[in-house]
Amino acid sequence: MSNFTDGYRKEFEREADGFLFLLNKEDAKLLLKSYKKSKQEEYVRLASIAAVFDFRKIFIRICAKAERGLKEFIKCFDCLNGNFDLLNGWVEEFIEKVNDEKLQSLMREFWEERKSVIDKENFGANKLFSFYS
């Protein structure tokens, strides 16, 4: 196997361990079971949260789960266009469900910093990765 593949796999495993540690039981089940089209909005929610907290490979993996219905899945991200409050609600609820109070506090601080640079009036799904540019 190539060094690139080995490096990618190690980085994905690191991200997966970290993201799974943060998930509550319901979200972990959703992420680990096979893709269900009826749960598209839940996958979009998890993918958006992964993007906010810089779990890029997890974001890609969630998108890959939707492989056959990827166009519809990507279209489902339109619910975020002009709706920063929806993303904020998802992130706040996610943070609240993290079991460790210190980790919750760090995540909340991280999210507050991220929110401070978001143009909330013109928010859209295309802005999910704008934190990193």
*asked:* Which heavy atom of Lys127 sits nearest to which heavy atom of Asn122, and what is that distance?
replied: CE-O, 3.9 Å
*Distance from Lys36 atom NZ to Tyr43 atom OH, nearest 0.5 Å?*
6.5 Å
*Taking all non-hydrogen atoms of both residues into account, name the closest pair between Val52 and Phe110 and its distance.*
O-CE2, 3.5 Å
_Shortest non-hydrogen contact between Phe94 and Phe19, atoms and distance_ = CZ-CE1, 4.3 Å
_Can you confirm whether Leu87 sits close enough to Leu128 that some side-chain heavy atom of one is under 4.5 Å from a side-chain heavy atom of the other?_
yes
*Test Phe53 against Leu22 for side chain to side chain contact (heavy atoms under 4.5 Å, CB included), laying out the working first.*
CA-CA 11 Å; Phe53 290 106; Leu22 298 173; 5.7 Å; no
*Do Glu42 and Arg45 meet the salt-bridge criterion of a basic N to acidic O distance under 4.0 Å?*
yes
*asked:* Any heavy-atom pair between the side chains of Leu23 and Leu30 that's under 4.5 Å?
replied: no
*Minimum side-chain heavy-atom gap Glu92-Trp111 below 4.5 Å*: yes
_Lys65 (side chain) donor-acceptor with Lys33 (main chain) under 3.5 angstrom_ = yes
*With the threshold set at 4.0 Å, does a side-chain nitrogen-carboxylate oxygen contact exist between Asp78 and Lys75?*
yes
*Would you say Ile74 and Ile62 are hydrophobically clustered, going by side-chain heavy atoms of ILVMFWY under 4.5 Å?*
yes
_Any side-chain heavy-atom pair of Phe55 and Leu46 under 4.5 Å_ = no
*asked:* Return the CG to CG distance between Leu20 and Leu31, rounded to the nearest 0.5 Å.
replied: 6.0 Å
*asked:* Check Asp54 with Arg56, please: is the shortest side-chain N to carboxylate O separation under 4.0 Å?
replied: yes
*asked:* Could you see if Val98 belongs to whatever hydrophobic cluster contains Leu106? Use Ile, Leu, Val, Met, Phe, Trp, Tyr and a side-chain cutoff under 4.5 Å.
replied: no
*Which atoms form the tightest heavy-atom contact between Ala125 and Asn81, and what is the distance?*
N-OD1, 2.9 Å
*Determine yes or no for a side-chain-to-main-chain donor-acceptor pair under 3.5 angstrom, with Ser105 supplying the side chain and Glu101 the backbone.*
no
*List the atom of Lys97, the atom of Asn24, and the distance in Å for their closest heavy-atom pair.*
CD-ND2, 2.9 Å
*Closest non-hydrogen atom pair between Ala16 and Ile58, with its separation*: CA-CD1, 3.6 Å
*When rounded to the nearest 0.5 angstrom, what distance separates CG in Leu80 from CG in Asp85?*
11.0 Å
*Would one find more than 12 heavy atoms of other residues, nucleotides or ligands at under 6.0 Å from atom CG of Asn99?*
no
_Pairwise distance CZ(Phe84) to CD(Glu121) - rounded to 0.5 angstrom_ = 11.0 Å
*Would you mind checking if Glu112 and Lys115 are paired as a salt bridge, meaning a charged N to carboxylate O distance below 4.0 Å?*
yes
*asked:* Set out, in order, the CA-CA distance, both residues' side-chain angles and the distance that settles side chain to side chain contact (heavy atoms under 4.5 Å, CB included) for Phe73 and Lys37, then state yes or no.
replied: CA-CA 8 Å; Phe73 175 71; Lys37 190 174 180 178; over 6 Å; no
*Rounded to the nearest 0.5 Å, what separation is found between the CG atom of Leu86 and the CD atom of Glu41?*
6.5 Å
*Rounded to the nearest 0.5 Å, what separation is found between the CD1 atom of Ile95 and the CD atom of Glu109?*
11.0 Å
*asked:* With a 6.0 Å cut-off (strictly less than), is the heavy-atom count around CZ of Arg108, excluding the residue itself, greater than 12?
replied: yes
*Is the shortest heavy-atom distance from the side chain of Glu93 to the side chain of Glu96 under 4.5 Å?*
no
